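Encoded as structure tokens, the structure appears first; notes follow it.
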Amino acid sequence: MSQDYIPQTLELALQAQWAETGRFAVQPDNTREKFYCLAMFPYPSGKLHMGHVRNYTIADVIARYQRMQGKNVLQPMGWDAFGLPAENAAIANNVPPAAWTRENIAHMRAQLQRLGYAYDWDREIATCDPHYYQWEQWFFTQLYEKGLVYKKMATVNWDPVDQTVLANEQVIDGRGWRSGALVERREIPQWFIRITSYAEELLDGLDTLDGWPEAVRTMQRNWIGKSQGVELAFGLETPIADLDKIEVFTTRPDTLHGVTYISLAAEHPITLALAEQHPPLQQFIDTCKQASVAEADMAQAEKLGMDTGLRARHPLSGEEIPVWVANYVLMDYGSGAVMAVPAHDERDWEFARKYDLPLKTVICDPEGNPADTQSGAYTEKGVLTASPGFDGCSFEEAFEGIAARLEETGMGRTTTQFRLRDWGVSRQRYWGTPIPMLNLAEGGDIPIPADRLPSLLPEDVVMDGVTSPIKADPEWRKFELAGEACERETDTFDTFVQSSWYYARFTCPNYTEGMLDSEQANYWLPVDQYVGGIEHAILHLLYSRFFHKLMRDAGLVSSDEPFKRLLTQGMVLKDGAKMSKSRGNTVDPQTLIDRYGADTVRLFSMFAAPPEQSLEWSDSGVEGANRFIRRLWRLVHDFDSTQAAVPSDALSDEQKNVRRKIHETIAKVSDDYGRRQTFNTAVAAIMELCNELGRHPADDSSDHAVISEGLHAVLQMLWPITPHLSEHLWPVLTGNAFVESQWPALDETALSRDELEIVVQVNGKVRGKVKVPASADNAEIESLAMSQENVQRFLTDKTIRKVIVVPQKLVNIVAQ
RNA sequence: GCCCAGGUGGUGAAAUUGGUAGACACGCUAGCUUCAGGUGCUAGUGCUCGCAAGGGCGUGGAGGUUCAAGUCCUCUCCUGGGCACCA
């Protein structure tokens with residue numbers, strides 16, 4: 001007699017049991033292989049959305065699959081708890097960010113528990129906990145001592161009405177989101193970590209990450225952006241701002257004779273000096289400053305420029321080159337000046353056309369003629385022309401020749417440049433880790449001594465929406481060091497700092513003697529499987545790799561890279577865009593959990609699409625996942641498990657077919673879970689098997705044995721995805737308690753076939769199918785294929801030119 | 001603008017190594033079951049011509065390579081992600 005499937009009851013009962021027995025709590029164990037499975041921890045925004053469910057289900061399926069392989073699996077969970085949304089919520093709801101954040105954590109923790117994820121909850125971390133961020137502060141002071149941290153002026157978005165710094169997200173169409181004022185770029189002192197010192201290693205390390213998607217590695221390579229080029233200078237007749245030359249970097253020294261002007265950034269010292277005597281230029285600089293600092297905004301902004309009237313000397317030809325100021329040249333990047341070659345660079349070409357600046361074509365097209373640059377820039381490399389002394393040279397010859405000439409005259413040298421910039425970690429916001437630095441009365445900075453850490457963030461605060469409470473409170477700032485009064489830094493860390501090392505802290509979350517307990521860290525690290533959104537392909541993953549190397553060089557961990565294998569999950573989109581609170585297009589999975597239970601939600605989110613693909617959200621199909629679960633439920637309950645299931649030696653063909661299907665499915669699902677990580681096709685294969693088991697009659701004891709074998713395998717294979725269902729049905733089927741570390745064994749002999757079906761094509765089109773004995777050789781297959789009636793029809797009046805036989809698959813007869 | 005992906009039925013998708021396009025589901029249609037249906041079962045379902053057997057077309061678009069292309073190459077259009085202060 002079938003009982004009804006009531007997921008709420010059975011899921012809650014099992015979850016309570018898992019919690020009570022500490023089922024998923026783990027410790028190092030040298031008798032088993034370890035496996036550290038980690039999903040990117042969430043920002044506690046309020047409640048889970050479908051993107052979270054997808055992310056955490058993928059990781060949980062992998063973790064549980066590895067448990068079934070007998071491994072010692074660590075799967076922790078925590079909270080990326082600092083960040084901007086808490087400040088916004090605090091203002092909107094009149095509640096301190098800390099309280100809002102902790103409430104969200106409590107709610108979301110309950111939701112994750114309701115989804116039945118196999119987490120070791122004893123290791124839970126929230127980054128806003130002082131026990132966490134104190135070690136981050138400590139580590140920063142260590143980096144300071146090593147010279148890996150420094151302070152410099154850097155550009156921020158400034159809201160002139162609210163008198164506050166805005167995040168890029170808070171700038172909408174060039175205006176502050178609250179005040180509506182046009183934002184300005186402003187330079188303020190900020191702390192930086194020297195990620196560029198590790199640029200080379202971060203680049204080279206990508207080659208070792210063969211468990212990472214190629215797309216992510218490519219994006220990181222391009223982001224680091226190593227390029228060979230030449231640093232050269234255009235001389236000035238009279239020094240300006242103590243500079244007697246303008247330095248530029250180019251990867252195309254071969255086009256040096258094509259330079260027709262130079263562009264300076266608005267913040268370049270020469271620009272600023274010139275503006276002092278030139279009011280229109282000052283006006284232009286002010287216009288340039290009225291823009292967001294986001295690179296995307298700048299790249300899409302209309303290109304604006306102004307001739308400064310200054311002339312610089314071309315380092316080879318000695319010609320006078322006009323010096324312009326352009327809004328697309330960035331002071332933060334490179335030297336803040338570029339040599340413009342409009343004939344061979346697209347941006348320069350556009351700019352030159354707009355301001356009617358001359359073009360000088362110095363590269364030939366493949367035919368050997370000067371390239372046509374009238375209708376657009378010619379950016380290919382080619383043989384030089386109109387370049388005295390280098391005409392006829394290839395790119396490589398010209399590169400070396402021109403670099404050598406510049407070196408002789410002291411006007412340049414070959415160099416390697418990285419696109420990567422140092423990591424600015426200062427944020428002018430409240431809800432973050434206080435930067436553990438002190439401003440001394442006589443000027444200068446010094447780290448807060450280790451024994452005075454943590455530098456605690458006060459939590460009981462009122463947000464006014466404009467100024468950070470720790471900036472507004474002069475008392476908080478006060479600090480006494482060796483009897484001297486000084487002031488705390490009131491900026492906080494970028495939240496990426498917290499998320500750059502949490503994976504390591506999970507190995508020893510309660511360690512009080514230091515940042516990491518190396519013994520624990522080195523047992524578990526590196527993370528064997530990291531799962532998270534593709535939107536983190538560059539920043540978070542690069543910063544984490546960087547931090548790992550910093551921790552290694554501090555002797556805290558012994559590995560070089562933090563994440564061995566990476567699965568970048570596609571985004572769950574709604575209305576065609578990333579789900580986010582700020583867009584208001586999130587989908588709440590709670591209603592689905594309440595209605596269908598966790599297993600249905602888990603099954604559906606795995607079945608809907610392959611994990612790496614982005615997914616436009618729609619509810620349709622959830623019903624189908626639930627229907628499958630109920631069908632399996634009946635199948636198991638209706639199966640007479642009391643009847644002895646003795647496998648017979650002599651199975652019928654039909655029974656052999658079912659057994660083959662069982663073992664083909666085991667092979668496929670193992671491959672899909674383990675190597676391919678395509679959980680949707682694994683589910684489809686299990687569904688197919690269930691369909692077949694349901695169709696097969698249970699007439700005799702051999703039938704019974706075969707179906708029993710199939711149902712056992714189905715419940716085991718489904719455990720990673722629908723653990724409650726599997727654990728609940730297992731005793732119904734077997735009379736015994738579910739044994740976790742047991743993946744169904746593959747019986748290779750069950751896979752063999754006596755007969756194969758081969759497709760027959762004529763000129764590439766399918767004209768028939770033919771059954772051939774598995775042992776048939778190519779000649780036999782060919783003659784069987786030829787004998788097909790429909791094949792013959794298409795061969796009449798034709799001469800056979802060629803016959804291609806693809807073993808096990810097809811025959812293609814080429815005829816004319 | 002730059003970097004990285006993706007585009008296949010009415011829908012989500014499958015096709016793993018260049019070898020049968022559309023597995024598995026959703027939806028829909030018809031039938032059975034049921035007092036009833038947000039139940040269960042059976043059959044059908046890319047488009048198109050045909051009574052059928054079978055044929056033609058078909059993987060964003062245009063070209064190309066190949067006995068064979070969703071898969072490889074060139075160009076192009078569209079969608080999504082990232083662009084350093086959203087996380």
Side-chain angles (χ1 to χ4, degrees), chain A residues 40 42-43 45 80 82-85 156-157 165-171 190 213-216 218-223 225 293-301 303 328 332 346-347 350 420-429 494-496 499 533-540 542-543 568 570-571 573 576-578 580-582 604 607-610 612-616 618 620-625 627-628 630-631 634 668 671-672 675-676 678 680-681 683-688 691 757-761 763-766 769 790 793 801-804 806 809-815:
Chain A
M40 291 179 188
Y43 176 77
S45 54
D80 189 12
F82 279 137
L84 199 52
V156 292
N157 298 307
V165 174
L166 298 178
N168 282 335
E169 197 191 44
Q170 299 170 316
V171 178
Q190 303 194 61
E214 198 49 56
V216 175
T218 306
M219 281 190 267
Q220 292 213 352
R221 263 185 212 111
N222 293 337
W223 184 264
V293 296
E295 194 186 303
D297 293 340
M298 283 188 285
Q300 267 151 296
K303 288 180 183 49
Y328 64 87
D332 284 352
E346 271 161 32
R347 284 205 311 188
E350 265 177 62
L420 183 69
R421 309 199 292 261
D422 275 335
W423 178 10
V425 293
S426 296
R427 296 294 179 269
Q428 296 68 45
R429 278 177 270 285
D494 178 2
T495 57
F496 276 125
S499 56
I534 183 68
E535 69 271 25
H536 297 293
I538 298 176
L539 292 178
H540 162 62
L542 189 63
Y543 291 144
T568 47
M571 311 235 302
L573 305 178
K578 171 177 170 177
S580 73
K581 238 192 157 190
S582 55
F604 171 65
F607 184 53
E612 309 217 78
Q613 192 163 310
S614 64
L615 170 64
E616 171 66 32
S618 123
S620 69
V622 182
E623 197 72 54
R627 197 176 297 162
F628 168 73
R630 280 185 280 119
R631 198 152 41 210
R634 280 197 307 276
K668 172 154 181 63
D671 192 40
D672 284 354
R675 180 183 64 89
R676 294 214 309 152
T678 52
N680 56 325
T681 52
V683 172
I686 295 169
M687 284 176 169
E688 273 187 66
N691 290 345
E757 195 180 56
I758 301 280
V759 165
V760 187
Q761 296 182 332
N763 291 330
K765 295 200 172 194
V766 181
K769 286 170 192 176
N790 200 45
R793 276 188 19 188
R801 301 268 175 223
K802 207 194 238 182
V803 178
I804 288 144
V806 181
K809 289 229 163 98
L810 66 71
V811 178
N812 189 11
I813 302 160
V814 186

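Predicted model only: the values in this text are computed from it and were never measured. Within every chain, numbering begins at 1; the chains are lettered A, B, ... in the order of the sequence lines, protein sequences first and strands thereafter.
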At under 4.0 Å between heavy atoms, what does A:Lys769 touch on the DNA or RNA strands: base, sugar-phosphate, or nothing? base

In terms of side-chain heavy atoms of A:Ala215, which of B:A5, B:A87, B:A13 is nearest? B:A5

Could you work out which one of B:C2, B:G54, B:C24 sits closest to the side chain of A:Asn691? B:C24

Straight-line distance of A:Met687 CE to A:Arg627 CZ, nearest 0.5 Å: 10.0 Å

In whole angstrom, give me the gap between the C1' atoms of B:G22 and B:U45. 12 Å

What's the closest nucleotide to the A:Asn222 side chain, out of B:C3, B:A87, B:U16? B:C3

Nucleotide nearest A:Val806 when distance is taken to its side chain, options B:G54, B:C86, B:G19: B:G19

In whole Å, measure the gap between the C1' atoms of B:C2 and B:U16 for me. 33 Å

If you check the A:Asn680 side chain, which of B:A84, B:C67, B:A14 turns out closest? B:A14

Counting side-chain heavy atoms from CB outward, which of B:C57, B:U39, B:C24 is closest to A:Met687? B:C24

Distances under 3.5 Å between nitrogen or oxygen atoms of protein and nucleotides 62-64 of chain B:
none

Where the side chain of A:Arg793 is defined as all heavy atoms beyond and including C-beta, which of B:C67, B:G55, B:A13 is the nearest nucleotide? B:G55

I want to verify a distance call: between B:C2, B:C41, B:G27, whose nearest atom is closest to the A:Arg634 side chain? B:C41

Taking the P atom of each, how far is B:A53 from B:A14, in whole Å? 31 Å

From B:A15, B:G56, B:G40, nucleotide with atom closest to A:Arg627 side chain: B:G40

Picking from B:C86, B:A23, B:A87, the nucleotide nearest the side-chain atoms of A:Thr495 would be B:A87

Please write out the pairs of protein N or O atoms and N or O atoms of nucleotides 80-83 of chain B separated by less than 3.5 Å, giving the distance to one decimal.
| unit_1 | atom_1 | unit_2 | atom_2 | d |
| --- | --- | --- | --- | --- |
| B:G81 | OP1 | A:Lys578 | N | 3.0 |
| B:G82 | OP1 | A:Lys578 | NZ | 2.8 |
| B:C83 | O2' | A:Glu295 | OE1 | 3.3 |

